[in-house]
> 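Questions regarding the structure given below will be posed in turn.
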Amino acid sequence: MKKNFFGSMIAIAAMAVCATSCGGNSSNAESNGADSTIVVNAKCDGVSEVLLDSVTVLYTLQDNAGEHRVPNSLFYGADNKDSARVEELSPSGSVASSIHCFLMEKEGKKVLFDTGIGEKAGGCLLARLDSIGVAPDDIDYLLITHFHNDHIGGMLRGDSVVFPNAEVYVPEVEYAYWAKSGEKGENAMKTMKAYGDKLHQFSFTDSTALPLGIKAMAAMGHTPGHALYMSGRLLVIADLVHGYDLQVQDMNICPAYDMNPVQAVESRKFFFGFAERKKLVMAGMHMPGNGILINK
Ligand SMILES: [Zn+2]
């Protein structure tokens, strides 16, 4: 039996609303096998809704059409140093790793966290929004956690912005890194520049930079400017984990996507502890099920 580090502190949120349309795939039931501390969405893989407080709603918008898993080898580390450990902890050979975006409705505004891989690449975000009656034009604020393509891929359609009315917020450290990365950063720069005056780079030290009292926190390691966002009880944990079922058993295990594994491990441990102490609702872009963990 696998052991969940956080034991009964964590439970995945019950779903109030389910809807699925994109891709026609209707089931991605996944259990993490961790002593039943997580009850994963068994009925739908499209949209789910939780109430953060009496008036603030958080929607999970699953960007992939059906279940998405990644191979164990993604977590082997440099020189395959962790391969034996990973295989021991994940005997099925793969790990559930969805792609989620999150929509928060707060004070009459719609705040979208990340945009998935984009429609052209098969991303379902726009279909998920449509299924809850939200048009791209309705998005007031777009908060980006980092510039990997599975997070900013949905910002453009061709050369046109997908969310024309959104004020877009990105960490300036992240922007600066990709701006000096040459060819590797070209797509990210094209995407950011397309938003013109609507794009706002913020500093992690400026606590008033974001709308609606939302705070950004630096969680370096996955990328140089990897940002988490906090609003009331909500902590959007971005890519702190890529294969929760595996990494919750050993937080030292990193996916190949963590650009600085040492920093990524520090950030992962710190923020999971922080969320546990503060009893926060965690929303992760690659978490299984509806991507939400509630610390009780
Ligand atoms: Zn990602």
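These values consider heavy atoms only, across backbone and side chains, with no hydrogens, waters or symmetry-generated copies. Residues: numbered from 1 along the sequence shown. Just so it is clear, the model here is predicted, and its values are computed rather than measured. Whatever order the structure lists them in is the order used to number ligands and atoms, beginning at 1.
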> Taking side-chain contact (heavy atoms from CB on, under 4.5 Å) as the criterion, tell me which of Leu156, Asp150, Asn149 meets it with Ile152.
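The option that passes is Asn149.
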> Taking the side chain as everything from C-beta on, heavy atoms only, tell me whether Leu89 gets closer than 4.5 Å to Phe75.
no
> Please give me the protein atoms (N, O or S only) lying under 2.8 Å from the Zn ion (ligand 1), ordered by chain and number.
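The answer, once waters are left aside, is Asp150 OD2, His151 NE2, Asp239 OD2, His286 NE2.
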> Is the ring pair His222/His148 parallel, tilted or perpendicular, if the boundaries are 30 and 60 degrees?
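The rings of His222 and His148 stand perpendicular, inter-plane angle above 60°.
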> Before we go on, tell me: are the rings of Tyr177 and Tyr175 under 6.0 Å apart, centre to centre?
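So the answer is no for these two rings.
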> Does a salt bridge link Asp63 with Arg128, judged by any charged N lying under 4.0 Å from a carboxylate O?
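Between Arg128 and Asp63 there is no salt bridge, as every charged N stays at least 4.0 Å from the carboxylate O atoms.
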> Drop me the distance from Asn64's CG to His286's NE2, to the nearest 0.5 angstrom.
10.0 Å
